[in-house]
Amino acid sequence: MVATEHILQDLNPPQREAVTAVEGPLLILAGPGSGKTRVITHRIAYLVDQEGVAPWRIVAVTFTNKAAREMRQRVFAHLGDRALDVALGTFHSICARLLRVEGERIGLQRSFNIYDDADQMAVIKRVTEALNIDPKKFSDRAILSTISRAKSELVDARTYAAEARDYFAEIVARSYERYQALLAENAALDFDDLILKAVTMLQEHESIREKYEERYLHVLVDEFQDTNLAQYELARILAGGHGNICAVGDPDQSIYSWRSADIRNILNFERDFPGARIVLLEQNYRSTQHILDAAHAVISGNRQRTEKSLWTDRGHGEPIVVFEAYDEGEEADFIAGEIARLTGVEAGPGDPGEPAWALRDFAVMYRTNAQSRAVEEALIRAGIRYQLVGGTRFYERREVKDVLAYLRLVHNPYDMVSLARVLNVPGRGIGTKTVQQLERWAQALGVPLYTALQILVAQESPEKQQSRPPQAPRHPAAARQAKAVVEFVEMLDELMDVAAKNNLSTLLDGVVERTAYRRYLYGEFDDGEQRWENVEELRNVAAEYDGLAPGNGLVSFLEDVALISDQDTLQEAPDDAPDAGRVTLITLHSAKGLEYRAVFMIAMEEGVLPHVRSFDEPAQLEEERRLAYVGMTRARERLYLLRAFKRYAMGASQHNPASRFLKDIPPELIAQRSAFADGSPATTAGRYREPARVDARPLVPEDAVFSGGEKVRHPRFGEGIVVSCRVANGDQELTVAFKGEAGIKRLLLSLAPLERL
DNA sequence: CGAGAATAGTTTTTT
DNA sequence: ACTATTCTCG
């Protein structure tokens, strides 16, 4: 009983209900910051400790691996080692594990590789080329995403073809079938297949279904608003026997409909699970009331929602700061300035009674990845450390992908995407022409590329080969290329041998050694050293799997790497970190589930947020609004909404009006700031006020604008004459010719203590 | 075959 | 503006 007290102690009444309602279906509608993760982890602890449920009979699904890890840690705090037995992971990782164990029953090879987006593109490209589909009329991307959507709705190629009505659907139907055939030949599954195959396997094989229905007594699903139909179906099947399913979500935070997330899952929950209990979590423990009110004002603009009002007892806090910058440079400089001011790098200590600000307390959020650039530049200029979440991802770097492709090949040599990638990397004289010839030859033989290469080896060395005289038509490669292929295949064989007997990092070393990969990087690329460091970094990751048995290490590693998400790369500096961490730069999508003391949302402009491509679809516009809501509710104490009068995008300068979301925020919640003197940005009617220059705090005093020919004095360099002056990122870069030894200097106006003479 | 130039497409979000 | 792919030449 003591333990119960402990588990339920610091929960509010609805939270407590959500934790203790263990029988039957339960839907928890949890507003941002309402202690959702807490409820899930406490519920698991309660099930184990109070209800006597064995940990391994609980399955909990999260959206990212990071969330899963975090949840595991928090369950660990309650249950200790028993937490390790809870089946906890993302839909994709859980399905991958399921398919590794049971997949052979549905004809899956145990060593299947998982294809990411780029791999999928490579496959679909082969498909559309083979089918002579004009890429100008139907882009590979469009076809692929249609296939993906079909899969997430549990529509297989056959069904899709039967339902295809228009010409595009015809094209997709043909591609879909071919695409699946090619994946099968490659012994590969794409992301959607992981879910789809797991579901169909459970549907069609009663014995397997019963096994898992029986095993899992309780099913928990986090971020339920972002599940697609296939994922929902999986959860439903697992909960089939007992109906003990607990789904946690917030319709207002549904931002992944483009990834086939289906908000109807929440609406259907009550229909599919009659008698489902519903618990609303409305008390917010994260943000100030001002932030909640502003966020509520924005989300209230959506028609398709059920009202849920958030409240806090944390007080009103500071007003929301809306800042109008001239361009994205100034916008970014403002952020750097605020961070510097609050962390006291520039000024004295912060407000009394307020804990000191550290870099880890700040996040900058944006709609598209490309927007991080200006912010990064400003932070670098200001000497502020930051971490970029997502962006150019580590696992998408060329050198990393190359080495991974070798490892994937060792694991599954039929993976033709990986094979084609590294057959001539590092260059071994097997050019595109030869590869094409070989691929065509393999196709004519009706065998996977790897098998074809093996036949080639056999044909090249008849003396070693008595058992099976080569009946296949002779390979088309020229002597020199054939020799290179033989060497490649032999190398691969050796590596497979290494893999069977050694741990993962030894295998990786073997790959790098035998391909002379380091020499290749240094020889081919100017930034070879940097690239080599990335390979070393990959090796560090691999070394974490050295404890596993030879085969298992490779499988787990490849699986984890394939299913890694942007958020998973997020570093969190512990509160007592000596360096106070870093500022986080992150997209609004990736920011879901996170929180920061201060949040800067940039580019609050029509066309950016809401994004221009959402304009013609009311449903999409509502999703943009939810995205804004998600961003705003990440903030605990301070929320800054920024916009720029002028912004460069795709090479051209744009003038975007203020976002409609800004206008939805009651003016009394806002402290307006503006740094530019123009005074005439696109004015729009509404409650939103255009910048008043009242409390402007420009980084560069307006009277400090210099022009050529003016005389100035610098404390160190002495007197000089301004040669030129150009505007750069809201600052001005001056070229000054000083008298005497100093000579010609370039100075930033904001930094240089210049005095006009 | 490889290197460098020309050109096309891209940018909304990602497991 | 930037990257990735295709084209062209040595």
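Excluded from the calculations below are hydrogen atoms, water molecules and symmetry mates; all remaining heavy atoms, backbone and side chain alike, are included.
Taking the side chain to side chain donor-acceptor pair (under 3.5 Å) definition, one finds that Asp140(A) meets it with Thr128(A), sequence neighbours left out. With sequence neighbours excluded, the residues forming a side chain to side chain donor-acceptor pair (under 3.5 Å) with Asp156(A) are Thr159(A), listed by chain and number. A search for ring pair (Phe, Tyr, Trp, His ring centres under 6.0 Å) contacts involving Phe362(A) returns Trp357(A), not counting sequence neighbours. With sequence neighbours left out, the side chain to side chain donor-acceptor pair (under 3.5 Å) criterion links Thr146(A) to no other residue. Residues satisfying the salt bridge (Lys or Arg N to Asp or Glu O under 4.0 Å) criterion with Glu559(A), sequence neighbours excluded, are Arg100(A).
A distance of 6.0 Å or more separates the ring centres of Tyr179(A) and Tyr176(A). Under the 6.0 Å cut-off for aromatic ring centres, Tyr232(A) and Phe224(A) qualify, their centroids lying closer than that.
Contact between the side-chain N/O atoms of Ser590(A) and the OP1/OP2 oxygens of dT14(B) is found at a separation under 4.0 Å. Between dT12(B) and Ser614(A), no contact under 4.0 Å exists linking OP1 or OP2 to a side-chain N or O. Checking the phosphate oxygens (OP1, OP2) of dT13(B), no side-chain nitrogen or oxygen of Arg367(A) falls inside 4.0 Å. For dC2(C), one of the phosphate oxygens OP1 or OP2 lies less than 4.0 angstrom from a side-chain nitrogen or oxygen of Arg373(A). Side-chain N/O atoms of His589(A) include none lying less than 4.0 angstrom from OP1 or OP2 on dT13(B).
His611(A) has its NE2 atom 7 Å from the C1' atom of dT11(B), to the nearest Å. Protein atom CG of Asn656(A) is 14 Å distant from nucleotide atom P of dT12(B), rounded to whole Å. When rounded to the nearest whole Å, the span between CG of Asp190(A) and P of dT14(B) equals 19 Å. In this structure, the CD atom of Glu129(A) is 8 Å from the P atom of dT6(C), given to the nearest Å. Nucleotide dA1(C) holds its C1' atom 11 Å from the OH atom of Tyr648(A), rounded to whole Å. Protein atom CZ of Arg141(A) is 9 Å distant from nucleotide atom P of dT10(B), rounded to whole Å. When rounded to the nearest whole Å, the span between CD of Glu623(A) and P of dT14(B) equals 13 Å. Summarising the geometry, the separation between NZ on Lys401(A) and P on dA4(C) is reported as 11 Å, rounded to the nearest angstrom.
Out of dT13(B), dT5(C), dT15(B), the shortest distance to the side chain of Lys125(A) is found at dT5(C). Listed candidates were dT6(C), dT14(B), dT12(B). Nearest to the side chain of Thr368(A) is dT12(B). In the set dT13(B), dT15(B), dT12(B), the nucleotide with an atom closest to the side chain of Gln620(A) is dT12(B). If you check dT13(B), dT14(B), dT11(B) against the side chain of Arg259(A), the one that comes closest is dT14(B). Distances from the side chain of Glu624(A) to the nucleotides dT5(C), dT12(B), dT15(B) place dT12(B) closest. You'll find that the side chain of Asn369(A) is closest to dT13(B), out of dT15(B), dT13(B), dT12(B). Considering only side-chain atoms of Thr64(A), the nucleotide from dT15(B), dT13(B), dC2(C) that sits closest is dT15(B).
When the C1' atom is used for both dT5(C) and dT12(B), the distance is 23 Å, rounded to whole Å.
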Report each atom pair, protein N/O against N/O of nucleotides 1-3 of chain B, whose distance is under 3.5 angstrom.
{"unit_1": "dC1(B)", "atom_1": "OP1", "unit_2": "Gly431(A)", "atom_2": "N", "d": "2.6"}
{"unit_1": "dC1(B)", "atom_1": "OP1", "unit_2": "Thr434(A)", "atom_2": "OG1", "d": "2.8"}
{"unit_1": "dC1(B)", "atom_1": "OP2", "unit_2": "Thr432(A)", "atom_2": "N", "d": "3.4"}
{"unit_1": "dG2(B)", "atom_1": "OP2", "unit_2": "Asn424(A)", "atom_2": "ND2", "d": "3.3"}

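At a threshold of 4.0 angstrom between heavy atoms, the contacts of Arg398(A) with the nucleic acid are absent. Nucleic acid contact class of Phe91(A) (heavy atoms, under 4.0 Å, all strands): none.
Counting atom types as modelled, His92(A) pairs a side-chain N or O with a base atom of dT15(B) as donor and acceptor under 3.5 Å.
One N or O on the side chain of Glu605(A) and one on the backbone of Ala644(A) form a donor-acceptor pair closer than 3.5 Å.
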